[in-house]
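Source: prediction; values computed, not measured.
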Amino acid sequence: MVTRFDKGSSTKLSEHFSTDDFDCHCNYDGCLTTYVDSALIDALEFLYTLTGGFSILSGFRCTQHNEDVDGKPGSQHLQGKAADCKPKQLVPHAFAVKCDGVSQFRSGGVGTYPTFVHVDVRGYPARWKVARKLNAVSV
């Protein structure tokens with residue numbers, strides 16, 4: 001279930017995550033909300049214990065910010081169903097392998113990038129790898 005929160009509300013979602021982790025990183029006046037899927041939070045909590053931890057680089061994105069970072073028009077980030085994770089203890093490839101140990105990600109998206117891993121709960125399997133480094137603003 002996707003829930004709407006006020007951007008900047010700092011609402012605790014689980015042991016390791018709050019809405020601050022998922023707030024859009026834009027500075028647009030009209031970007032006032034954050035959407036987060038509870039299935040994503042459950043999956044991320046399980047992944048956190050499997051991997052030794054990670055930080056969220058990007059969670060929810062408003063439409064304008066998604067365009068600014070060259071995100072896909074139908075991105076799962078727009079729906080609050082995705083997170084870009086920077087592993088604390090594993091390299092991205094090893095982290096992505098661990099993602100398949102989480103049922104919601106096994107039936108969702110896992111994209112491996114040089115410095116982070118995208119995960120989402122789209123409801124059908126999708127896998128991809130990007131070998132090139134992305135500009136820091138594009139995560």
For residues [X] and [Y], report the shortest heavy-atom separation together with the two atoms involved.
| X | Y | answer |
| --- | --- | --- |
| A131 | P114 | O-CG, 3.4 Å |
| A83 | F22 | CB-CE2, 4.2 Å |
| G59 | I56 | N-CG2, 4.1 Å |
| T115 | P92 | C-CG, 3.7 Å |
| H25 | H65 | CB-NE2, 4.1 Å |
| T112 | A96 | OG1-CB, 3.2 Å |

[atom2] on [Y] to [atom1] on [X], rounded to 0.5 Å:
| X | Y | atom1 | atom2 | answer |
| --- | --- | --- | --- | --- |
| D120 | S75 | CG | OG | 8.0 Å |
| D42 | S103 | CG | OG | 9.5 Å |
| L78 | N66 | CG | CG | 4.0 Å |
| L44 | S14 | CG | OG | 8.0 Å |
| T11 | F5 | OG1 | CZ | 5.5 Å |
| L47 | C85 | CG | SG | 6.0 Å |

Would a single hydrophobic cluster contain both [Y] and [X], if residues Ile, Leu, Val, Met, Phe, Trp and Tyr are joined by side-chain heavy-atom contacts under 4.5 Å?
| X | Y | answer |
| --- | --- | --- |
| V119 | V69 | no |
| F116 | F105 | no |
| Y113 | F95 | no |

Derivation of the side chain to side chain contact (heavy atoms under 4.5 Å, CB included) call for L40 and K81: CA-CA 6 Å; L40 176 65; K81 294 177 174 269; 5.6 Å; no
Heavy atoms from other residues, nucleotides or ligands near NZ of K98 exceed 12 (cutoff 6.0 Å): no
Heavy atoms of other groups near K72 NZ, more than 12 under 6.0 Å: no
Note: K86-D84 ion pair, threshold 4.0 Å (strictly below): no
Salt-bridge present (R61, D68; N to O < 4.0 Å): no
Test item: side-chain donor near acceptor, H118 and H77, under 3.5 Å: yes
Stepwise side chain to side chain contact (heavy atoms under 4.5 Å, CB included) test for C26 and K7: CA-CA 11 Å; C26 77; K7 186 175 179 179; 3.7 Å; yes
Worked verdict on D37 versus M1 for side chain to side chain contact (heavy atoms under 4.5 Å, CB included): CA-CA 5 Å; D37 191 313; M1 178 171 93; 5.6 Å; no
Close side-chain approach of S107 to Y124, heavy-atom, < 4.5 Å: no
Y35-F60 aromatic ring centre distance below 6.0 Å: yes
Proximity of F54 and F17 rings by center, below 6.0 Å: yes
V36 and V2: CA distance, side-chain angles, deciding distance, side chain to side chain contact (heavy atoms under 4.5 Å, CB included) verdict: CA-CA 5 Å; V36 183; V2 177; over 6 Å; no
Side-chain donor or acceptor of D6 paired with backbone N/O of T33 under 3.5 Å: no
Check: D21 side chain, S18 main-chain N or O, donor-acceptor pair, under 3.5 Å: yes
